[in-house]
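Shown next, in structure tokens, is the structure this report addresses.
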Amino acid sequence: MLINLYSKCGLLDSARKVFDEMRERSLVSWNSMIGAYTRNGAEQQALSLFMNMHRQGNPFSEFTVSSILCACAANRDVVQSKQLQAFVIKVSMEINVFIGTALLGVYAKCGLIRDASQVFESMPEKSDVTWSSMVAGYVQNELYEEALMLFHRAQMMGLEHNQFTISSAICASAGVAALIEGKQVHAVLCKTGFGSNSFVASSLIDMYAKCGTIREAYRVFSSMSEGENVVLWNAMICGFAKHAHSTEVMILFEKMKQLGLQPNEVTYISVLSACSHMGLVEKGKRYFDLMIREHNVLPSVIHYSCMVDILGRAGLIGEAYDLIVRMSFDPNASMWGSLLASCRNHGNLELAEIAAKHLFELEPDNAGNHILLSNIYAANKKWDEVARTRKFLKESEVKKERGKSWIEIKDKVHSFMVGERNHPRIADIYFRLDNLVEEIKKLGYETDIKHDLHDVEHNRKQELLRHHSEKLALTFGLMCLPPVAPIRIMKNLRICGDCHSFMKLASSITEREIIVRDAYRFHHFRNGCCSCGEFW
DNA sequence: ATAGGGTTAG
């Protein structure tokens, strides 16, 4: 059929011309044309053609409805997806596998994951696509644990995994940053032979990088033929950037250009963020220029955000502010946040107040911004302002997110929070941590309270800082892991300066490699030094 | 004949 031939080549206009010139149109002709629009990203045309079809009194089938559901998924419209389900039930099509699968996909894409899972569980017949759609749906909604549970459930039912379920499960492992899960899925993958699939491989690279095992990520990358897939390269470059391996970022970037691969907007995000983490101002400016002039990539708000970060961290705060004002986008919270942090590090009160004013509007519930500004006031000895912030925070509902760290030991994840004593071996952990602190003090370490953002009294502050969650996780790692194993700790917030100094000294005194992933990136501590070179 | 999954991003 000509319509399908044209639509497979992406020639929608030609397909439509054939459709319009047909003297008689069967149900299949209508379905083919609607499907052609849906598959080629022309969802609105698919919908309006369906309206025409319906208005002219033509009958429709399950084929028509599943295409329409797929077209509507792109709209991510909550009300519309509910209406669609009502429609599906009205025309008694809910037991069709294709329709059920498409419907759960629509719900998942709208964020209605409970509805998606209800559709999934109530389907009398499920195909492999139904299973992979549901696993993917959980991943899209950041419910990684549930995605992995469903993946394992499929396996236990004796269903065979395909590249779709596997790549989603790998993404889920990356999402929880749990190496043990990721390795399990990788083992499943090895038995299937989908390892050369680029979707699978790029999520695998990303997973290993996010789990703190950058060498393993590189091994996967090297095992792939040097094809022309930009996403594979982006995943690897991004991994190196997260791990502060900026030399490797630059090398891979040059190598991909040599191979004739065009870096795209994602490549440049990683390259620029590598520059920002390493304090490479001139290089950053050069790449920003190269991106526009040589690779025709229009800088997005994210690229500008990276540049603001590069300039601000280097102390060029005025220049960073000018860039925010000059660009044609509305500045976002992360940009103002980056500027505010730079103002604190380089002591610029005037721009700090401007950045904070915007942040308070954009993120009224983020207590961290208020505390950051208050710290800047304190550094400038503006005690009235400090007291005002303190009072505001006490009276308002805004709370700082609590620090949490976790570590994988064998097949279990152990998590720690300041002030919480839920862990079965907590007394022992505190005892050993206090000993470690005493040892490290002999090397000249002093608890440094200026890094702490808690709004509490000073002596209490010192006590909390002493037991920050990453220190608890480290102590537990030292207690449980074999002497040569690197200690990998994950943390939900940015690591504070005190813990950073602490980790450096701890890596030297214990002769261990310590890897801490904070909210932004990885720090590799070894022999008293950190890979971030104090830029973070 | 015509239908429903998956990758990288501050």
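Order of the sequence lines fixes the chain letters, A, B, ..., with proteins taken first and strands second; residue numbering starts at 1 for each chain.
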So what does [X] touch, heavy atoms closer than 4.0 Å: a base, only the sugar-phosphate, or nothing?
X	value
T267(A)	nothing
R521(A)	nothing
S276(A)	nothing
N96(A)	base
V200(A)	base
K126(A)	nothing
S198(A)	base

From the set [options], return the single nucleotide nearest to any side-chain atom of [X].
X	options	answer
K109(A)	dT8(B), dG10(B), dG6(B)	dG6(B)
V129(A)	dG4(B), dT7(B), dG10(B)	dG4(B)
C238(A)	dT7(B), dA9(B), dG6(B)	dA9(B)
I302(A)	dT8(B), dA9(B), dA3(B)	dA9(B)
S167(A)	dG6(B), dA9(B), dT2(B)	dG6(B)
C306(A)	dG4(B), dG6(B), dG10(B)	dG10(B)
V28(A)	dA1(B), dG10(B), dT8(B)	dA1(B)

Do the side chain of [X] and the main chain of [Y] share a donor and acceptor less than 3.5 angstrom apart?
X	Y	result
S67(A)	I34(A)	no
S26(A)	S29(A)	yes
S338(A)	S334(A)	no
S168(A)	T165(A)	no
N52(A)	R55(A)	no

Side-chain donor-acceptor pairs under 3.5 Å in residues 151-159 of chain A, sequence neighbours left out?
| unit_1 | atom_1 | unit_2 | atom_2 | d |
| --- | --- | --- | --- | --- |
| H152(A) | NE2 | E181(A) | OE1 | 3.4 |
| R153(A) | NH1 | E121(A) | OE2 | 3.1 |
| R153(A) | NH2 | E121(A) | OE1 | 3.1 |

task = Using a strict cut-off of less than 4.0 Å between a Lys/Arg side-chain nitrogen and an Asp/Glu carboxylate oxygen, indicate whether K17(A) and D13(A) qualify as a salt bridge.
result = no
Whole-Å distance separating the [atom1] atom of [X] from the [atom2] atom of [N]:
X	N	atom1	atom2	answer
I170(A)	dT8(B)	CD1	C1'	14 Å
D206(A)	dG10(B)	CG	P	10 Å
K210(A)	dT7(B)	NZ	P	11 Å
M134(A)	dG6(B)	CE	P	12 Å
M278(A)	dG10(B)	CE	P	17 Å
E43(A)	dG4(B)	CD	P	12 Å
L272(A)	dG10(B)	CG	P	11 Å

Base [N] paired with [X] side chain (donor-acceptor, <3.5 Å):
X	N	value
N197(A)	dG6(B)	yes
S202(A)	dT7(B)	yes
S273(A)	dG10(B)	no

Contacts to DNA chain B from [range], heavy-atom cutoff under 4.0 Å, which residues?
range	value
residues 62-76 of chain A	E62(A), F63(A), S66(A), S67(A), C70(A)
residues 184-193 of chain A	none
residues 48-61 of chain A	none

key: Straight-line distance of E21(A) CD to R16(A) CZ, nearest 0.5 Å   = 11.5 Å
Aromatic-base stack, F199(A) on dG6(B), cutoff 5.5 Å, angle under 30 = yes
note = The complete set of side chain to side chain donor-acceptor pair (under 3.5 Å) pairs with one or both residues in residues 357-366 of chain A, sequence neighbours excluded, reads E363(A)-N366(A), E363(A)-N369(A)
ask   = Is Q140(A) near enough to dG6(B) that one of its side-chain N or O atoms lies under 4.0 angstrom from OP1 or OP2?
value = yes
query = Does the gap between the ring centers of F240(A) and Y218(A) come in under 6.0 Å?
reply = yes
message = Would you say the rings of Y268(A) and F253(A) are close, in the sense that their centroids are separated by under 6.0 Å?
response = yes
note = Applied to residues 272-289 of chain A, the salt bridge (charged side-chain N to carboxylate O under 4.0 Å, His left out) test, sequence neighbours excluded, yields K285(A)-E319(A), D289(A)-R293(A)
Heavy-atom pair of closest approach, residues N141(A) and A108(A) = ND2-O, 3.0 Å
task = Test salt bridge (Lys or Arg N to Asp or Glu O under 4.0 Å) on R114(A) and E146(A) and set out the steps.
result = CA-CA 12 Å; R114(A) 296 293 146 227; E146(A) 318 211 9; 3.5 Å; yes
